[in-house]
Structure formats: structure tokens, C-alpha cells
Amino acid sequence: MTTSAQERDTAHPLDPYGWDEGWELALAQHHRDHPGPLVPARVVRTHRGALDVQTPLGPQRVGAPRALLPEPTTGDWVVLGLAGTDPELLAVLPRRTALSRAEVSGRSTEQVLAANVDTVVVVVAPARRAPLGRVERFLTLAWDSGARPLVVLTKTDLLSGRELTTALAEVESAALGAGVHAVSAERGAGIEELRGELSGTVVLLGPSGAGKSTLANALLGEDRLATAAVRAGDGKGRHTTVHRELLPLPGGLVLVDTPGLRAVGLRGGGAAESLQRTFADVEDLAVDCRFGDCTHTSEPGCAVLAAIGAGVVDRRRLDSYRKLEREQEFLAARTDARLRAERTQRWKAIHRQQRAHRPRP
Ligand code: ZN
């Protein structure tokens, strides 16, 4: 039910940042709750206690109240109240998608790396041993976010025609249900075709050396750093240089590039379904296993092992599935343990309080 800027009567200054009719409706709810002037803004970078946002009037740095939920992240749409002297951050509009990873430390169990992402591009470079396990990991993360995944094989100028065919087939075997594209950012080959496949807010994921920055620059069509740095007011008349991690791209696209995306693990709870999606070929075969709880290790009548024996499915696929599954189970268990510990702590505190208030005999 979203409408592009061209279809609407008037253009909105935030159209290049992904503003659409759906967001307008979400904002309208807040006009009812908050008297006084409101504007929408998109988070282009987060800081401790502050956010850099793009407003209809330009870039701005605003304070982020600690109590605000969810904690705003790059890509979020927020509501700014303009009634006071400084713009006030009032709310975060409900997210359409959220790219999350398991939190390494801290109280929360997952960290949202980017919000409202429409396309996740998994970037992979040709290699003697292609990092297909990494591709499968990133794809699972992408399915989990709610965004549409796409795989891009970069640096194809390094390959002969026959090598390219082999490399593409290899990547495709790990990328079921996601389109695979070949590009050479250095030569500009395949970039326009890829651009045609992208929609909305785009995130590039991939191991280091995969060529993410070169691809980002090719999509921007100009020097990224030159456009990423802008001057922003902070509502107190001060100006500061802001390095945006969310940039409009030609063709109505928006590119998100945050350092957090450079090393990502899987999310705990909820990622199981996304794993099944990434390994749909194994899951389809497993339906025919004799035992419903078949682990595909040595059970008689295992359809997955039979398919591997017949060369229909690569042994590597099953191993990679198991590895990610174990990791996901570990994270889910750790999340449960942490929640249990937090619950116990809360109860202990309540009991201590009750004891302190109990009248002494
Ligand atoms: Zn089996």
C-alpha cells in the first residue's frame, strides 16, 4: 500500500530518504496524540544519547531520551516535536523490518543493526574456496529481517568465462530462493542491471575483501566519503560535521552502511525458521526421511544422506546447516538463560524490599 513519490501529488523533501504514504499514515497517528507541530525524520547515525537525523529541513542532531522504546537505530523513522525551543524526539514509527544480530554483551539479547531495510545484498568475491557458509549465514540473517535477499558475485573481471559459470553455479547452490547477480564494479559491468533489482533501503553484507565498498561507490556513482559528511545543526545554534551511515542513492534507493554490519552473527530465538528457508533443499528432502526426528547422521531410511550419496546435494550444505543450527541453538539457550537470570534478580530485589517493609514483631 506504499506509493512512490511520482504517484503522489506533491513531492516530500524526505522522498530521497524513503518517505512514502505508509509512513505518512503512521505519522498521522502521532498528530492525534501530540498537539503542536511535528515533523518526521530518518535516523542516519546513532551516538550515545544522540541521533543524527535527516529532517524535511535538513540534517539535525537531536538528543535521544533513554526511555524511548524501541531504542532508535540507523534507518528508523522518528517523530520530532517542534513545540519547544529544541526539536524533541517523541516516538519511533513502527518498524517494517529489522536486521538484528545476537548481542555480544550487555543486557538486551539482540541488537538491531538497521531498521526498515528492504533489500539485503549479500556480497561475495570469487575465491578458490568460496565462503559459501558465510553466504548461507548472511542469507539466514536477511530472511530473518523480513527484507528481500539478493546475492552479488563481485570482481568478475578476475574470471574467465568458464570460471564465471562455475563460480555462479557454486554461489547459486548456496542461495536458493534469492537471485544471484554477477558484477564488476571496477569495469562498471552489471551495475545498472543490479540497480534495477534493488528496491527501497539497501544494505550490503559480506565478508571483508568481498568488495562491498567498491560496490557501494559504484552504486553511488560518486565518491562516497565526499557525500557522507554533511554539516548539521544541533538545535542549539551549534554546527557539527555529521558522517551519515544512510545515504540516498540515484534512482530513489537508500544505502545503509554502518560499522556494525561488518561483523554479524546470527540471532537467537526466531532464526530457526529463517534457517529452514536458507536450507530449503535439505528441508524438502528431510520430509521423506523414515523418522520424523531424523538427524541425518546415520539413521536408516534417511532421504538426505541418500541424496548426498547420489550426488544430488552437496555434503557441504548439510554440514553448514548443522553448524548454523548448533550456533542458533546455543544463542537461543543463552538468551533463555539470560532472561531467567534477569527474572531471578528482579524477584530477589522485590523480596528484599518486602522484607524491609515487613513490620517487626
Ligand atoms: Zn534424515
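By the 4.5 Å heavy-atom criterion applied to side chains, V183 and L153 are not counted as neighbours. Between V124 and P131 the shortest side-chain heavy-atom distance falls below 4.5 Å. Using a 4.5 Å heavy-atom threshold, the side chains of P59 and V44 count as separate. Contact check for V254 versus L246: side-chain heavy atoms found under the 4.5 Å cut-off. Considering only heavy atoms from C-beta on, V180 comes within 4.5 Å of L168 through its side chain. Inter-residue side-chain proximity for P300 and F291 is flagged as met; some heavy-atom pair is nearer than 4.5 Å. Considering only heavy atoms from C-beta on, V120 stays 4.5 Å or farther from L141 through its side chain. Inter-residue side-chain proximity for E299 and C289 is flagged as unmet; no heavy-atom pair is nearer than 4.5 Å.
In the hydrophobic clustering of this structure, L305 groups with V312; members are Ile, Leu, Val, Met, Phe, Trp, Tyr whose side-chain heavy atoms approach within less than 4.5 Å, directly or through other members. In terms of hydrophobic clustering, with Ile, Leu, Val, Met, Phe, Trp and Tyr side chains grouped at heavy-atom distances under 4.5 Å, V304 and L176 are assigned to different clusters. Both L82 and L68 are members of a single hydrophobic cluster when ILVMFWY side chains are connected at heavy-atom separations under 4.5 Å.
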### Message
Pair L57, V39 - check side-chain contact (heavy atoms from CB on, under 4.5 Å), show working.
### Response
CA-CA 9 Å; L57 306 167; V39 289; 5.7 Å; no

### Query
So D118 and L253, side-chain contact (heavy atoms from CB on, under 4.5 Å) or not? Walk me through it.
CA-CA 10 Å; D118 300 288; L253 302 167; over 6 Å; no

#### Entry: V121 vs L198, side-chain contact (heavy atoms from CB on, under 4.5 Å): CA-CA, chis, key distance, verdict
CA-CA 9 Å; V121 179; L198 303 176; 3.6 Å; yes

### Task
Test L139 against V151 for side-chain contact (heavy atoms from CB on, under 4.5 Å), laying out the working first.
CA-CA 8 Å; L139 279 174; V151 181; 4.0 Å; yes

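For the atom pair CZ of R322 and OG1 of T295, the computed distance is 6.0 Å after rounding to the nearest 0.5 Å. With rounding to the nearest 0.5 Å, the separation of CG in L158 from OG1 in T156 is 8.0 Å. Atom CD1 of residue I191 and atom NE2 of residue H181 lie 11.5 Å apart, to the nearest 0.5 angstrom. Atoms SG and CG, from C294 and L285 in turn, are 11.0 Å apart once rounded to the nearest 0.5 Å. Going from atom CG of L204 over to atom CG of L219 covers 6.5 Å, rounded to the nearest 0.5 Å. Between atom CZ of residue R317 and atom OG1 of residue T278 there is a gap of 8.0 Å, rounded to the nearest 0.5 Å.
The heavy-atom pair separating P126 from T154 by the smallest distance is CD-O, 2.9 Å. Scanning all heavy atoms of the two residues, the minimum distance from T46 to P72 falls at CG2-O, 3.7 Å. Nearest approach of L89 to A64, heavy atoms of both residues: CD2-CA, 4.0 Å. The heavy-atom pair separating P248 from L220 by the smallest distance is O-CD2, 3.9 Å. For the pair E325 and L275, the tightest heavy-atom approach, listed with the atom from each and the gap, is CA-CD1, 3.7 Å. In plain terms, the two heavy atoms of A115 and R95 that are nearest each other are CB-NE, 3.7 Å.
Formation of a donor-acceptor pair under 3.5 Å by the T73 side chain with backbone atoms of V112 is found in this model. When atom types are taken as modelled, the side chain of K212 and the backbone of V123 share no donor-acceptor pair closer than 3.5 angstrom. The closest donor-acceptor contact from the side chain of N116 to the backbone of G75 lies under 3.5 Å. For D76 (side chain) and V78 (main-chain N/O), no donor-acceptor pair under 3.5 Å exists by modelled atom type. Although no hydrogens or angles enter the test, the distance criterion places a donor-acceptor pair under 3.5 Å between the side chain of T119 and the main chain of S199.
Annotation: side chain to side chain contact (heavy atoms under 4.5 Å, CB included) contacts of H30 (sequence neighbours excluded): H34, L38, V79, A91, L93. Under the side chain to side chain contact (heavy atoms under 4.5 Å, CB included) criterion, L14 pairs with H12, Y17, W19, P40, Q54, P56, W77, not counting sequence neighbours.
Applying the ring pair (Phe, Tyr, Trp, His ring centres under 6.0 Å) definition to pairs two or more places apart or across chains, those involving residues 307-328 are F279-Y321.
The neighbour count for E71 CD, taken as heavy atoms of other residues, nucleotides or ligands under 6.0 Å away, does not exceed 12.
Between E136 and S320, the side chains place a donor N or O and an acceptor N or O closer than 3.5 Å (distance only, hydrogens not considered). Residues R96 and T201 have side chains that never bring a donor and an acceptor to within less than 3.5 angstrom of each other.
Salt bridge present: E192 and R195 bring a charged side-chain N and a carboxylate O closer than 4.0 Å.
The side-chain contact (heavy atoms from CB on, under 4.5 Å) with V53 is formed by just one residue from the set R45, Q60, R61; it is Q60.
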